[in-house]
Structures are given as C-alpha cells and as structure tokens.
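Worksheet: one structure, shown below.
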Amino acid sequence: MGGGSHVNAVVVNEEVADDDEAELRKEVELDAGALFVLKSKGSWIHCGYHLTTSIVAPPLLSLPFALASLGWVGGIIFLFLGAALTFYSYNLISLVLEHHANLGHRHLRFRDMANHILGKRWGRYYVGPIQFMVCYGAVVGSTLLGGQCMKAIYLLSNPNGEMKLYEFIIIFGGIMLILAQIPSFHSLRHINLISLVLCLLYSACATAGSIYIGSSSKGPEKDYSLSSNRETRIFGIFNSLAIIATTYGNGIIPEIQATLAAPVKGKMFKGLSVCYAVVSVTFFSVAISGYWAFGNQAEGLVLSNFSHDGRALVPKWFILITNIFTILQLSAVAVVRNLSNLMPFVSQKSTLGYVILLQVYLQPTNEVLERTFADPKSSEFSMRNVVPRLVSRSVSVVIATTIAAMVPFFGDINALIGAFGFMPLDFVLPVVFFNLTFKPSRKCPIFWVNTTIAVVFSILGVMAAVAAVRQISLDAKTYRLFANI
C-alpha cells in the first residue's frame, strides 16, 4: 500500500513538473519579445562580438582622465581590479543562467532571472525598470554624443560653420531611425564583428596619437601629481572609480546569453574570453599611453588632448580618421558609461562607433516593444507585426532624439542613472543571484567574496550617485534647452 502511494506521489509530482514546463513553454511561445528579438541561434563567437561591442566602447577613451585622479599605482591597480571583477561577475551570472537552463527554466532576460530568484516584485518594480532606464538612457546619451561628434568633424573642416548641435543630433537620429529596424539581436552579429574591428582601430589611433605627442615637444609638460585640494581629490577618486566601473559595465548579460543556441554550457565563457582579450589590448594601451603623455592634464576624452588652443598636435587627417572610426562603432552599441565625464570634452570624439553601439542597447527596448505590440502567433514579417514594429521603434528613436536635442546636458543626468543602474546590474545582482542559487556555505570563501563585492559596490554606487548630484548642482547654472555646446 505504501509503495503504491509512493508511486502515485511520484506520478503526481512528474505531472506537476510537466505542467510547469508546459506552462513555461507556453509563456515563451506567446512572448513575442523573446520569439522575435532574442532569437537563440548564435554561436559562442557571435556572443563574443556582442559582448565586445557592449563593453569595449568609446568611453574607454576617458580612462586616462580616470588615472589622473588615481595616480600610476592606484590607476593600474583599479584597472586590473575592474577587469578581474567584471570577468568574474559576468561568469557568475552565466553559471546561474546555465544552472536554471539545465533545470528546464532558461531565462532570456534580466528581469526573468529576478522574477525567478528574488520574486516577481523585484523583477517588475526594480530590475526591469532600472535596466530599461539604463538602456534607454544609453540610447539618448549616444544620440547626443553622436551629434556632438558629427559637429566636431564639421568644425574641423569648416571652423566658422553656423550649423547648430541640435541639427547634427537630428541627422544622427535619422541614421538611427533606419538602423533601429534591424529585427533581432542575432541580426547584429556581423555588424558587431565590424564593431570589434573598429574599437581596435580607434584605440590604436588614440594610443599612437598619445605616444606621438608625448614623445615630441608639442605636448604639455608631464605632471603626475594629484590635486592638493582635499575635497577635489576625494570626489575625483570616487568619480574615477565610477568611470572605471561603468566603462567595464554591460547591463545586458542575460540578453546576450539568450542569443546562444542551446545547449549554452561553456559558450559564454568562450565569448567572454574573446571580449576580454580585446579589453586587455584596448583599455590598458589607451589608459597608460594617454596618462603617460598628458599626466594630470588628461581630459575627459583623451582625443581632446590632441589639440591645444585651436592648434592640432597631430595631423588633422589623423583626428578625422580617429573620429570616423569612433562614430561608426557607437552606432552599434549605445554608450551608457559615465557620460557626464565625456560631455565637456566630446568635441574631438568620433561618432561612427556610436552608431553600432546604439543598436546593442536598443535591443532591450525593442524587446519590450515587441512583447507589447507584436503577435507571436503571426509571422515575424507579416503585416500584423511589421507595421507595429516600424511605428513603435521609430517613435522610440524619435523620442530619444528629441530628448537629446532638447537636453544636451543629459550626460549629467545619465551619470546618476548609471550609478543607480550599472552598479547593481553588473556588480551587485550577479553575486547575489549566485549566492541565492547555489547557496555556498558561510565557511566557503566564495560566499564572503561575493558578499564583500555586493557591499562594496552598493556603497560605491551611492557615492557615485552623490558625485553625480554634485556635478548636476555645479553645472545647473549652464543648463539651457537646445544649447549649442
């Protein structure tokens, strides 16, 4: 009798498990965002392209500026720590995703993970909103930076030109309007390969330009001393740490892993290895050469140091080519990294990279729009789905372009968004998810390592937010709608 009850219980449990899996499959089948935008067709090398485009972006050109507030020893240490911690953090979140996939629950989005691990309220009211805010903030910020870069190229050839910043932002927004119609994340794989090559090119240009100026008599006298003002030095340190953290930031690791074809085991590690091979070449070469050449006079964007008092310290064609490489890459991946530190110095920034960069950070927004307006029971390219996709994505880009044109000081605001968004998404939540999923013993070192990372970066996020609010208060008197900066 007892054996029969046991068998019945097993049968019932299996039926319940089958029902849960069927419900999950049904939910995924009915979710147009997952079906049309987050297609799971990619290989590990495609994943490497996506990761590289989302991390190795034009904000790396601000790393010499970060080192200027940290000095040689502090700067190099924190550059290594940033690389090690993000590589560790992204691998943790990948392991959590693989674990749940093996249990039959493959999570395709950050909020899906939060729903399952933390509870639906966390996913709906915290993780989902801050990821959307970070990604859409990236789209607005990238559009603004793209316009500023186009204006820089215009002024390089026509110093007395009268075109306004908002006109270039509108032009850049028009380009984005076309590229925003790329249907899925997987469709970006070839574009993101081009992005990988572009980031290597403009990083090489930045490094070569810094070495050329630093080795000649044209550059400033090298001074590596830190500020003597205590308040400036303290806020400079926190600001620099925030720059390094957000330069390594991503915010969309689950969405990128969702593009991998099953089985996903081990593929993300290979993709991250490709990405961090590029990171090691670009981040360190630009940071070290830029700080060596310009010392504590390194500006928020190292390309700004390539001219002084209106006089180019390198050939103009070199500045033009560097700008073109950077502008192109931006179109693939939207910049969300500490934009406030780039805005004042963006006049020499390349726009090309922004076009590519933008497309990566548009994908979470596109996924939400697709899930809301598309019908998964109809074909992806049926009129029922094409028309809402065209309209919703176009409206999304038009709104972002309008905000960028109206609020050219959006970088200060985006720095605040980054402090509340990037820090938890990239540093805090991955270690929390790992500890809650695998439940390591408190006697295990990994538990305390993860707990320490969560606490430290929570504090750093608060400090970065304070620094961003301080910057907003300092810059508030210069704020003006449609400013031509």
Side-chain angles (χ1 to χ4, degrees), residues 44 47-48 51 54-55 74 76-119 122-123 126-127 130-131 241-242 244-258 260 262-277 279-280 283 419-464:
W44 65 266
C47 178
L51 287 164
S54 62
I55 295 174
I76 298 300
I77 287 174
F78 282 110
L79 270 181
F80 274 108
L81 279 176
L85 287 175
T86 49
F87 187 78
Y88 173 75
S89 175
Y90 298 154
N91 271 293
L92 286 190
I93 206 166
S94 175
L95 290 173
V96 172
L97 287 165
E98 287 181 8
H99 174 77
H100 288 292
N102 290 335
L103 296 177
H105 303 285
R106 187 176 182 188
H107 302 308
L108 303 180
R109 291 156 292 217
F110 228 127
R111 65 177 179 274
D112 294 342
M113 293 186 72
N115 285 343
H116 189 85
I117 299 171
L118 300 177
W122 280 93
Y126 179 65
V127 175
I130 64 169
Q131 187 194 33
L241 294 179
I244 292 172
T246 52
T247 301
Y248 281 107
N250 180 283
I252 51 174
I253 290 293
E255 285 78 5
I256 291 177
Q257 185 153 329
L260 288 170
V264 299
K265 186 173 178 59
K267 293 179 180 177
M268 194 66 168
F269 178 80
K270 293 179 181 178
L272 282 166
S273 298
V274 170
C275 173
Y276 275 79
V279 164
S280 63
F283 280 40
F420 284 114
F422 262 122
M423 295 294 185
L425 290 176
D426 289 323
F427 295 95
V428 179
L429 287 176
V431 296
V432 170
F433 285 170
F434 184 90
N435 279 4
L436 291 177
T437 299
F438 294 102
K439 297 179 173 58
S441 167
R442 294 198 175 192
K443 296 180 181 179
C444 181
I446 196 170
F447 173 86
W448 292 108
V449 169
N450 289 348
T451 302
T452 301
I453 291 173
V455 171
V456 168
F457 280 93
S458 295
I459 295 172
L460 184 57
V462 173
M463 294 305 299

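Residue numbers run from 1 in the order of the sequence given. Note: hydrogens, waters and symmetry copies are ignored here, and every other heavy atom, side chains too, is used.
- Legend: residues meeting side chain to side chain donor-acceptor pair (under 3.5 Å) with Asn115, ordered by chain and number and at least two apart, are absent.
- The aromatic rings of Tyr248 and Phe283 lie tilted to each other, with the angle between the two planes from 30° to 60°.
- Considering only heavy atoms from C-beta on, Arg109 stays 4.5 Å or farther from Val127 through its side chain.
- Between Phe110 and Ile93 there is a side-chain heavy-atom pair separated by less than 4.5 Å.
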Steps toward side-chain contact (heavy atoms from CB on, under 4.5 Å) verdict (Leu103, His99) = CA-CA 7 Å; Leu103 296 177; His99 174 77; 3.5 Å; yes

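- Rounding to the nearest 0.5 Å gives a distance of 9.0 Å between CG of Leu81 and CD1 of Ile244.
- At a threshold of 4.5 Å between non-hydrogen side-chain atoms, the residues Leu436 and Val96 do not count as touching.
- The shortest heavy-atom contact between Asp426 and Gly249 is OD2-CA, 3.3 Å.
- Taken from NE2 in His105 to NE2 in His116, the straight-line distance is 5.5 Å, to the nearest 0.5 Å.
- No donor-acceptor pair closer than 3.5 Å links the side chain of Gln131 to the backbone N or O of Ile252.
- Residues Ile253 and Met268 share a closest heavy-atom pair of CG2-CE, 3.6 Å.
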When you look at Asn450 and Leu92, which way does the side-chain contact (heavy atoms from CB on, under 4.5 Å) test go after all the steps?
-> CA-CA 10 Å; Asn450 289 348; Leu92 286 190; 3.6 Å; yes

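- Remark: the backbone N or O of Asn250 is paired with a side-chain donor or acceptor of Tyr90 at under 3.5 angstrom.
- The two atoms that bring Ile55 and Cys275 nearest to each other are CD1-SG, 3.8 Å, heavy atoms only.
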Go through the steps to decide whether Val264 and Leu97 satisfy the test side-chain contact (heavy atoms from CB on, under 4.5 Å), and finish with yes or no.
-> CA-CA 9 Å; Val264 299; Leu97 287 165; over 6 Å; no

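- Relative orientation of the Phe457 and Phe427 rings is parallel, given thresholds of 30° and 60° on the angle between their planes.
- Contact annotation: the side chain of Pro254 never approaches that of Asp112 to less than 4.5 Å [non-hydrogen atoms, C-beta and beyond].
- Taking every heavy atom of both residues into account, Ala245 and Met423 meet most closely at CB-CE, 3.7 Å.
- The CD atom of Glu98 sits 9.5 Å away from the CZ atom of Arg106 when rounded to the nearest 0.5 Å.
- Side-chain contact between Gln257 and Ser94 is present, with at least one heavy-atom pair separated by less than 4.5 Å.
- The heavy-atom pair separating Ile446 from Asn435 by the smallest distance is O-OD1, 4.4 Å.
- Of the inter-residue distances, the one linking Lys439 atom NZ with Phe447 atom CZ reads 12.0 Å to the nearest 0.5 angstrom.
- The side-chain heavy atoms of Ile453 and Ser89, taken from C-beta on, include no pair separated by under 4.5 Å.
- Between Phe434 and Phe438, the ring planes are tilted. Angles from 30° to 60° get that label.
- Side-chain contact between His100 and Ile117 is present, with heavy atoms from C-beta onward closer than 4.5 Å.
- Of all heavy-atom pairs spanning Gly123 and Ala114, the tightest one is CA-CB, 3.7 Å.
- Contact annotation: the side chain of Asn91 approaches that of Leu272 to within less than 4.5 Å [non-hydrogen atoms, C-beta and beyond].
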